[in-house]
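Reviewing the structure listed below.
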Amino acid sequence: MRASQFHIRTTKETPNDAEIVSHQLMIRAGFIRRLGSGLYTLMPLGLRVVRKIEAIVRDEMNSAGAVELLMPSIQPAELWEESGRWEKFGPELLRIQDRHGRDYCLGPTHEEVITDIARRDIKSYRQLPLNFYQIQTKVRDEVRPRFGVMRSREFIMKDAYSFSLGEESLQACFDQMHTAYCNVFDRMGLEYRAVEADSGSIGGAQSREFHVLADSGEDAVVYATEGDYAANMEKAAVVCQTSRGDASESMATVDTPGVHTIAELSAKLDINETQCLKTLLVKGTTTAVVALVLRGDHQLNEVKAEHLDEVASPLTMADANDIKTAANCDAGSIGPVGLSIPVIADADAATMSNFVCGANENGKHLTGVNWGRDLAEPQIRDLRNVIEGDLNPMGTGTLKIVRGIEVGHIFQLGSAYSEAMGATVLDENGKPQVMQMGCYGIGVTRVAAAAIEQNNDAQGIIWPESIAPFEAVICPVNMVKSEAVQAAAEVLYQELKAAGIDVLFDDRPLRPGAMFADMELIGIPHRFVISDKLLANDEVEYRGRRDSESSVLSRSDVLTKLRK
RNA sequence: CGGGGUAUGGCGCAGCCUGGUAGCGCAUCUGCUUUGGGAGCAGAGGGUCGUAGGUUCGAAUCCUGCUGCCCCGACCA
């Protein structure tokens, strides 16, 4: 490709509405252009990257035996009513009506459509297992689109759906996709982790998220210092490592006017937050509210809490009236002593002794409180987020927390959709059996952004070779003045093209500095400079995008350099 | 949806407080010079100051409503 015939628009100024580096660089280098909130045009450079990512994904999916198809973005409401998600999905589902007033949605995901296809097309266990995938534009009416293409309302996603008979076959499909995903991210040269994830309300099944590690990531990823345990924050299990001390103090009431938070409480009484007990009231299933108690320095894990039978789903904090009724005080003064509602304690909270908690009376707290003596022993569950230094639940080492960008998710759906929509096959006995499903997603456009988050410097983007918009660029110095440079650049360009290299020939009449700056901003991995001076010795200058200095090589070594 | 911010040529901003001819940098166009790290000089084009109303002789500027966008919280690839 000749740069003069390719649309390259770069800017020195950083757009003021771009917060994270990938967004800034994608805009500055002209990969994307914003059309509206969460809506982006993929400019020619951006599309090239996306196409390369798609090619890798497609290749690995095909290798894993998945077959590609393409489903419509517009989906009839009836299908979503069948699965129950027309109601459940909420405002993120962008709904539209046609001219006849019929309801549709713009597909945020395609379980319904694919299950409809499966139930019509798959009749026999002999056809299984089968894995369909597509690379397609998804629409989600995000509450808050941000970070450019990282969280946009319209984005490109690879989604695959497997159909199996029996859980063993589902597991095999899942494992196969796990391997394929690792291959995909390996080939893109990304630093990532596959982590255990919560499987949500469907329950039981396996779920794994693939996170590209980056400080700007929106998710917390937990991993063990030893062994290969890794999970997202929602899922990461806590191993209680403390045991309860003796009840050496007696319970007493202290005045704590104006104290509402654990931080204020520990400051007021000059004690550590670990000595305070935090009590949260949430809506319950059989009772109006349920008390959840945690050690003061610990954070409630809302997903874990939501899974409890006693707790209403979705998790809802009790409102002021509920609190008044249950605890006879305001939030900030609640404690578990004397409550007549279920009290569920995090394991670490249950091992506390002589602790401080709210007295269920505004402006008062209790000190020296002990389980079993001052109040009944609580139910014990894992309720909190892990913190750095917690024990690895697998028994080796401790846990660390890093930030991650979720770029992929593989998930065993089981029979959730196939059962609701009647997707069955006949087994070898001629009996109808509900198919087991798995679903597997990769956020293609998000991968591009994640790759930049992980690979950039002050000059701009540093694309991993496999997804760079161009593999190499030829920069002729002062080509307008030198026919020799022009001719040599042209020859090299033709040579690299013939060798199958995806090469950009920067034939724009730019001064060298501007040209280099552009190409570094755009992030092309390999640069070859041609000038009169170099030509005199039959040489070419080479610089890898990560190199701090250029090197000079013989003209004949250019291809070898690229093939290395 | 709650909280905060912002809206002025394509982009980044100043001007607003204290009302009186809309300005700067980048980008664009023309010419000359320049050509190994985002060139210099000279010239040119481009803005109903988000929108609707109000105050005023006069509003980018003061007041009110609305809208867009961005950032912080609950969702997801």
Side-chain angles (χ1 to χ4, degrees), chain A residues 9-20 23-24 27-28 30 33-39 53 57 88-93 108-110 135-160 181 197-198 200 207-212 217-219 232 234 300 302-303 306 314-317 404-411 439-450 459-460 475-482 485 508-521 527 529-534 541 543 550 552:
Chain A
R9 284 286 290 188
T10 59
T11 163
K12 273 188 272 189
E13 314 246 19
T14 301
N16 83 109
D17 57 359
E19 203 63 15
I20 62 172
H23 187 195
Q24 293 171 346
I27 301 257
R28 278 191 55 205
R33 181 133 315 157
R34 199 180 71 90
L35 179 65
S37 175
L39 301 172
I53 294 169
V57 169
K88 267 205 298 201
F89 211 89
E92 211 175 304
L93 186 65
T109 173
H110 280 66
I135 297 176
Q136 198 237 16
T137 299
K138 296 281 184 275
V139 176
R140 293 185 191 177
D141 197 357
E142 289 284 348
V143 191
R144 191 156 89 76
R146 65 187 136 172
F147 304 148
V149 103
M150 193 77 87
R151 176 179 300 279
S152 52
R153 291 197 291 181
E154 189 177 307
F155 59 99
I156 299 172
M157 175 169 152
K158 185 285 300 177
D159 47 329
Y181 273 44
D198 187 79
S207 170
R208 202 147 291 204
E209 291 172 353
F210 288 77
H211 286 263
V212 166
E218 294 186 81
D219 300 293
N232 67 11
E234 294 172 353
L300 177 69
E302 300 194 3
V303 172
E306 191 172 304
L315 185 79
T316 315
M317 300 306 285
I405 300 164
E406 187 186 353
V407 290
H409 195 173
I410 59 178
F411 193 92
C439 74
Y440 318 93
I442 291 180
V444 172
T445 30
R446 183 181 282 182
V447 166
Q459 271 58 252
C475 294
V477 171
N478 201 9
M479 188 172 85
V480 276
K481 280 280 172 64
S482 168
V485 167
R508 297 174 299 169
L510 287 184
R511 298 162 58 88
M515 191 184 284
F516 296 158
D518 259 4
M519 291 306 129
E520 280 160 9
L521 176 61
R527 182 183 81 191
V529 179
I530 291 179
S531 71
D532 279 317
K533 209 164 53 183
L534 291 156
E541 182 191 283
R543 182 145 168 187
S550 310
V552 172

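The figures here come from the full heavy-atom set of this structure, side chains too, leaving out hydrogens, waters and symmetry mates. Here is the naming used below: chain letters follow the sequence lines, and residue numbers restart at 1 for every chain. As the structure is a prediction and not an experimental result, all values here were calculated from the model.
- The base-pairing partner of U28(B), taking Watson-Crick or G-U wobble contacts with both distances under 3.5 Å, is A44(B).
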Would Asn232(A) and Glu406(A) satisfy side-chain contact (heavy atoms from CB on, under 4.5 Å), going step by step from the backbone distance to the final call? CA-CA 10 Å; Asn232(A) 67 11; Glu406(A) 187 186 353; over 6 Å; no
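- Val477(A) comes within contact range of at least one nucleobase, with a heavy-atom separation under 4.0 Å.
- Taking the nucleotide of RNA chain B with the nearest heavy atom to each of Gln459(A) and Glu406(A), the more 5' of the two is matched to Gln459(A).
- Looking at heavy-atom distances under 4.0 Å, Leu534(A) makes contact with a base.
- Stacking between Phe516(A) and G38(B) is absent: the ring centroid is not both under 5.5 Å from the six-membered base ring centre and under 30° in plane angle.
- As rounded to whole Å, 14 Å separates atom C1' of A77(B) from atom CZ of Arg146(A).
- Following rounding to the nearest Å, Glu209(A) (CD) and A77(B) (P) show an atom-to-atom distance of 8 Å.
- Comparing C41(B) with C26(B), their P atoms are spaced 9 Å from each other, to the whole Å.
- Between the side chain of Arg527(A) and the base of G37(B), at least one donor-acceptor pair of N or O atoms lies under 3.5 Å.
- Base contact: Thr10(A) has a heavy atom under 4.0 Å from a base atom.
- Thr10(A) places no side-chain N or O within donor-acceptor distance of the main-chain N or O of Arg28(A), the cut-off being under 3.5 Å.
- One N or O on the side chain of Arg446(A) and one on the backbone of Met150(A) form a donor-acceptor pair closer than 3.5 Å.
- The 5' end of RNA chain B is approached more closely, in terms of each residue's nearest nucleotide, by Ala517(A) than by the other of Ala517(A) and His409(A).
- Between Arg508(A) atom CZ and U35(B) atom P the separation is 20 Å, expressed in whole Å.
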Chi angles and distances behind the side-chain contact (heavy atoms from CB on, under 4.5 Å) call for Ile156(A), Ile135(A): CA-CA 7 Å; Ile156(A) 299 172; Ile135(A) 297 176; 3.8 Å; yes
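- Relative to the side chain of Val143(A), the nucleotides G36(B), C1(B), C72(B) differ in distance, and C1(B) lies closest.
- Spacing between G9(B) and C29(B) at atom C1', rounded to whole Å, works out to 15 Å.
- Between His110(A) atom NE2 and A77(B) atom P there is a gap of 14 Å when expressed in whole angstrom units.
- On the C1' atoms, G54(B) is 23 Å away from A22(B), given to the nearest whole Å.
- At whole-Å resolution of the value, NZ in Lys12(A) and C1' in C11(B) are 12 Å apart.
- Judged by atom type and distance alone, Asn478(A) does not reach the base of G36(B) through any side-chain donor-acceptor pair under 3.5 Å.
- When both pairing distances are held under 3.5 Å, G2(B) makes a Watson-Crick or G-U pair with C72(B).
- Spacing between C16(B) and C1(B) at atom C1', rounded to whole Å, works out to 32 Å.
- If you check every strand for non-hydrogen atoms under 4.0 Å, Arg151(A) touches a base.
- Without hydrogens or angle criteria, Lys138(A) side chain to Lys158(A) main chain gives no donor-acceptor distance under 3.5 Å.
- Residue Thr11(A) places no side-chain N or O under 4.0 Å from the OP1 or OP2 atom of G12(B).
- Look at CD on Glu218(A): it is 12 Å from P on C75(B), rounded to the nearest Å.
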Take Glu209(A) and Phe411(A), measure what side-chain contact (heavy atoms from CB on, under 4.5 Å) needs, and give me the verdict at the end. CA-CA 8 Å; Glu209(A) 291 172 353; Phe411(A) 193 92; over 6 Å; no
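- With a cut-off of 3.5 Å on both Watson-Crick or G-U wobble distances, the partner of G58(B) is given as none.
- Here C71(B) is the nucleotide among G38(B), C76(B), C71(B) with the atom lying nearest to any side-chain atom of Phe147(A).
- For Arg511(A) and A39(B), the shortest distance from a side-chain N or O to OP1 or OP2 is below 4.0 Å.
- Here Met150(A) lies in heavy-atom contact (under 4.0 Å) with a base.
- The separation of G19(B) from U61(B), taken at their P atoms, amounts to 12 Å, rounded to a whole angstrom.
- Distances were taken from every side-chain heavy atom of Arg34(A) (C-beta onward) to each of C70(B), G36(B), A77(B); the shortest belongs to C70(B).
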Run Ile442(A) and Tyr181(A) through side-chain contact (heavy atoms from CB on, under 4.5 Å) and show every step you take. CA-CA 8 Å; Ile442(A) 291 180; Tyr181(A) 273 44; 3.3 Å; yes
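- Between the base of C76(B) and the side chain of Asp219(A) there is a donor-acceptor pair shorter than 3.5 Å.
- Among the heavy atoms of the strands lying under 4.0 Å from Glu19(A) are primed sugar atoms or P, OP1, OP2 only; no base atom is included.
- Side chain of Glu13(A), nearest nucleotide from C70(B), A77(B), C11(B): C11(B).
- For Arg543(A) and G37(B), a side-chain-to-base donor-acceptor distance below 3.5 Å is present, hydrogens and geometry of angles not being considered.
- Remark: Arg527(A) qualifies as a cation-pi partner of Phe516(A) under the 6.0 Å distance and 45° angle criteria applied to the six-membered ring.
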Pair Asp518(A), Arg508(A) - check salt bridge (Lys or Arg N to Asp or Glu O under 4.0 Å), show working. CA-CA 11 Å; Asp518(A) 259 4; Arg508(A) 297 174 299 169; 3.0 Å; yes
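- Look at Arg9(A) and you won't find any side-chain N or O under 4.0 angstrom from OP1 or OP2 of A27(B).
- With a cut-off of 3.5 Å on both Watson-Crick or G-U wobble distances, the partner of G53(B) is given as C63(B).
- A gap of 10 Å separates the C1' atoms of G68(B) and U51(B), to the nearest Å.
- The residue Phe155(A) sits close to a base: some heavy atom pair falls under 4.0 Å.
- Distance from the side chain of Leu521(A) is smallest for G38(B) among the nucleotides G38(B), U35(B), C71(B).
- For the pair Arg153(A) (side chain) and Ser37(A) (backbone), a donor-acceptor distance under 3.5 Å is present.
- With distances taken from any side-chain atom of Met157(A) to the nucleotides C26(B), C70(B), A77(B), the minimum falls on A77(B).
- C24(B) sits 43 Å from A77(B) when the C1' atoms are compared, rounded to a whole Å.
- Within the nucleic acid shown, Val529(A) comes within 4.0 Å of at least one base atom, counting heavy atoms only.
- Contacts of Ser531(A) with the nucleic acid, taken as non-hydrogen atoms under 4.0 Å apart, include base atoms.
- Residue-level contact check: Ser152(A) touches the bases, meaning some heavy atom is under 4.0 Å from a base atom.
- Across all strands shown, A77(B) remains unpaired; no Watson-Crick or G-U wobble contact has both distances below 3.5 Å.
- The partner of A39(B), taking Watson-Crick or G-U wobble pairs whose two distances both stay under 3.5 Å, is U33(B).
- Between the side chain of Arg28(A) and the base of G38(B), a donor-acceptor pair under 3.5 Å is found.
- Using C1' as the reference atom, C11(B) and A27(B) are 7 Å apart when rounded to the nearest Å.
- Residue Asn16(A) places none of its side-chain N or O atoms closer than 4.0 Å to OP1 or OP2 of C70(B).
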